[in-house]
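The structure presented is a predicted model; accordingly, all values stated were derived computationally and were not measured.
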Amino acid sequence: MINDTSMIIDNLESVKFRAAQRADLNFIAELESAPENAVFIQPWSIQKHELSLSNPDIRYFIIEAVPDDSPVGYIILAGLCSPHDSLELTRIVISRKGGGYGTAAFRLLKKWAFENVSANRLWLDVKTHNERAIYLYKKMGFTLEGTLRDCIKSGDTYESLHIMSLLRSEYD
């Protein structure tokens, strides 16, 4: 079980994390519903985010640019109470794409997951057509484990998800 859920307020390159608050939910919802993001995720309602924000098994981080502290994205992690030491990256959304914020956020996230909360596994799912994200995840050391074929209904069509993960032994 991952029992140290303390935040890391550390600068790596161009970003830092802070715990998300209820006041951040409008920023999160707007970022999710932006057309360039909504095609890659399933946006949640504010009410679902409110419930998730208060769940001890889930952690929200706001990604802030250094040094001006402006929000450039957010992360949602699940599995903090898992007895299997496996964290799920439920969501990462970056508002300023192409500026290196996603790469910097991933470096900080890996450090937090493996050094601060002693996770053994960090995993995620990603839509198979999200090539930009898949490229980033591979660059960050994630391994493709498999594909959940046609598992999400999107309008009249179905979409598939890749499952990817990074193990502590691969991080070290």
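Here the side chain of Lys110 pairs a donor or acceptor atom with the backbone of Met140 at under 3.5 angstrom. Between the side chain of Asn120 and the backbone N or O of Asp85 there is no donor-acceptor pair closer than 3.5 Å. Judged by distance alone, the side chain of Asp57 and the main-chain N or O of Leu80 form a donor-acceptor pair under 3.5 Å. The main-chain N or O of Trp44 is found under 3.5 Å from a side-chain atom of Glu32 such that the two form a donor-acceptor pair. Judged purely by atom type and a 3.5 angstrom limit, Arg168 uses its side chain to pair as donor or acceptor with the backbone of Phe114.
Applying the salt bridge (charged side-chain N to carboxylate O under 4.0 Å, His left out) criterion to Glu145, with sequence neighbours excluded, gives Arg121.
Expressed to the nearest 0.5 Å, how far CG of Leu87 lies from OG of Ser165 amounts to 12.0 Å. Taking CD1 of Ile94 as the start and CD1 of Ile75 as the end, the distance is 6.5 Å to the nearest 0.5 Å. Note that OG of Ser70 is 11.5 Å distant from CD1 of Ile62, once rounded to the nearest 0.5 Å. We find the CE-CG distance between Met164 and Leu144 to be 5.5 Å, quoted to the nearest 0.5 Å. Note that CZ of Arg91 and CG of Leu77 are 12.5 Å apart. Values are rounded to the nearest 0.5 Å. For the atom pair Phe17 CZ and Glu64 CD, the distance stands at 10.5 Å (nearest 0.5 Å).
The two residues Ala104 and Ser14 have their closest heavy-atom pair at CB-OG, 3.8 Å. When all heavy atoms of Ala38 and Pro43 are compared, the pair lying nearest together is CB-CG, 4.1 Å. Across every non-hydrogen atom of Leu166 and Gly141, the tightest pair is CD1-O, 3.2 Å.
Clustering ILVMFWY residues whenever any of their side-chain heavy atoms sit less than 4.5 angstrom apart, transitively, puts Leu109 in a cluster other than the one holding Ile58. Cluster membership check: Val117 shares its hydrophobic cluster with Leu108, using side-chain heavy-atom separations under 4.5 Å among Ile, Leu, Val, Met, Phe, Trp and Tyr. Using a 4.5 Å cut-off between side-chain heavy atoms of Ile, Leu, Val, Met, Phe, Trp and Tyr, with links allowed through other members, Tyr158 and Ile152 fall into different hydrophobic clusters. Note: the hydrophobic cluster containing Phe27 also contains Ile41 (ILVMFWY, side chain heavy atoms under 4.5 Å, direct or indirect links). Both Tyr171 and Ile92 belong to a single network of hydrophobic side chains, linked directly or stepwise wherever heavy atoms of I, L, V, M, F, W or Y lie under 4.5 Å apart.
Taking the side chain as every heavy atom from C-beta outward, Val93 and Phe40 never approach each other to under 4.5 Å. Proximity of Lys48 to Leu51: side-chain heavy atoms (C-beta onward) are nowhere separated by under 4.5 Å. Inter-residue side-chain proximity for Glu170 and Leu122 is flagged as unmet; no heavy-atom pair is nearer than 4.5 Å.
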All N/O donor-acceptor pairs, side-chain side in residues 124-138, below 3.5 Å, sequence neighbours left out:
| from | atom 1 | to | atom 2 | distance (Å) |
| --- | --- | --- | --- | --- |
| Lys127 | NZ | Val39 | O | 3.2 |
| Lys127 | NZ | Glu159 | OE1 | 2.9 |
| Asn130 | OD1 | Ala133 | N | 3.3 |

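Note on ring orientation: taking the six-membered ring where Trp is involved, the planes of Tyr74 and His49 are perpendicular (angle over 60°, cut-offs 30° and 60°).
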Set out, in order, the CA-CA distance, both residues' side-chain angles and the distance that settles side-chain contact (heavy atoms from CB on, under 4.5 Å) for Glu50 and Leu53, then state yes or no.
CA-CA 5 Å; Glu50 285 175 344; Leu53 193 59; 5.7 Å; no
